[in-house]
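Following: one structure in structure tokens, then a few remarks.
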Amino acid sequence: MSTLIQSCSQLRAGLQKAKVANQTRQEISALQQRMREWGQHATTRHALAEKARIVDPALLEREDIAQADRSVKALAEQARQVLQAGGNVQDLAADSLWTRLTNAAESANQRVQEAARAQWRQFVENLGHVDSPSVLEGRMLKTPANEALLATYKQQHARYQAAVRNDLPTSAATQEELAKAVAVLQGLCEQLKGTAPDAVRLFLKAIETGGAALELLTPEVMEWLRANDDPARFVIKPKATQTWR
């Protein structure tokens, strides 16, 4: 794509230097407009090519993408020859050459973008499933240790979400960073305790809903609390205070 830009630049420089009488300001303006249009396609392609190489270095060699590129290059060569032969900007409109060229460039860029996005989505999926913090919070036991782990999980998950929210990686380090983030989240998930004996679950559920009856504090529950929770965070108090008059 840079070949046509160079040809346009050379033609413009020649027109301005020689001050060719039959080249009007309108023609120079039209040439600059064509350069801007082509420059946008070229800039987009450069950015997409960088992303595609991060996702898969062989992606740009895929046959459908290579074929689309060949079509663009063939049309760009035609446009270059028109300008090099002394033609003006209006000559690029002959046989819809400029329209066909820009459409082909846009189509080729779109093909690269779609292919890279599909590859990137597959990469993210292959890293493994990641639960949302709300899912974990809904099934975990509400203990101080779990609450602390969940807070850390939420922070890490926010970073993970920021990375996967993008359609394509932001840098060459994104893949490694994302893989590490998933490993950390899965490790934290394994540490969250979501199961306990029925007696313990009954006791904790009662605590969450206002208070547990003393008979629920069985030796089994006390043993579990010492191993997995902090018994000191619980207090025993009367269910209601009687007032004598």
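In this chain, residues are counted from 1 in sequence order. Worth saying up front: this structure is predicted, and the values here are computed from it rather than measured.
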[atom1]/[X] to [atom2]/[Y] distance, rounded to the nearest 0.5 angstrom?
| X | Y | atom1 | atom2 | answer |
| --- | --- | --- | --- | --- |
| Leu92 | Leu75 | CG | CG | 11.5 Å |
| Gln32 | Met35 | CD | CE | 7.5 Å |
| Leu48 | Arg53 | CG | CZ | 10.5 Å |
| Tyr153 | Leu185 | OH | CG | 5.0 Å |
| Leu59 | Gln119 | CG | CD | 5.5 Å |
| Thr44 | Gln113 | OG1 | CD | 9.0 Å |

Would you sort out whether Leu101 and Gln78 count as a side chain to side chain contact (heavy atoms under 4.5 Å, CB included), showing the intermediate values? CA-CA 9 Å; Leu101 173 57; Gln78 290 183 41; over 6 Å; no
Which heavy-atom pair separates Leu178 from Ala163 by the least distance, and what is that distance? CD1-CB, 3.7 Å
For Ala108 and Val72, work out which heavy atoms get closest and say how close. CB-CG2, 3.9 Å
Under the side-chain hydrogen bond (donor to acceptor under 3.5 Å, both in side chains) rule, what pairs show up with a residue in residues 157-169, not counting sequence neighbours? Arg117-Asp167
Do Ile54 and Ile65 share a hydrophobic cluster, counting only Ile, Leu, Val, Met, Phe, Trp and Tyr and linking them when any side-chain heavy atoms are less than 4.5 Å apart? no
Would you find more than 12 non-hydrogen atoms of other residues, nucleotides or ligands less than 6.0 Å from Gln90 atom CD? yes
Taking the side chain as everything from C-beta on, heavy atoms only, tell me whether [X] gets closer than 4.5 Å to [Y].
| X | Y | answer |
| --- | --- | --- |
| Phe123 | Thr174 | no |
| Glu77 | Arg80 | yes |
| Lys51 | Val112 | no |
| Glu37 | Trp98 | yes |

Enumerate, atom names and distances included, each donor-acceptor pair closer than 3.5 Å involving a side-chain atom of residues 142-152, sequence neighbours excluded.
residue: Lys142; atom: NZ; partner: Glu137; partner atom: O; Å: 2.9
residue: Lys142; atom: NZ; partner: Met140; partner atom: O; Å: 3.3
residue: Thr143; atom: OG1; partner: Asn146; partner atom: N; Å: 3.2
residue: Asn146; atom: OD1; partner: Lys193; partner atom: N; Å: 3.2
residue: Asn146; atom: ND2; partner: Leu141; partner atom: O; Å: 2.8
residue: Asn146; atom: ND2; partner: Lys193; partner atom: O; Å: 2.8
residue: Thr152; atom: OG1; partner: Ala148; partner atom: O; Å: 3.3

Can a donor-acceptor pair be found between the side chains of Gln186 and Glu190 at a distance below 3.5 Å? no
Below 4.0 angstrom, N of the basic side chain to O of the carboxylate: do Arg45 and Asp69 qualify? yes
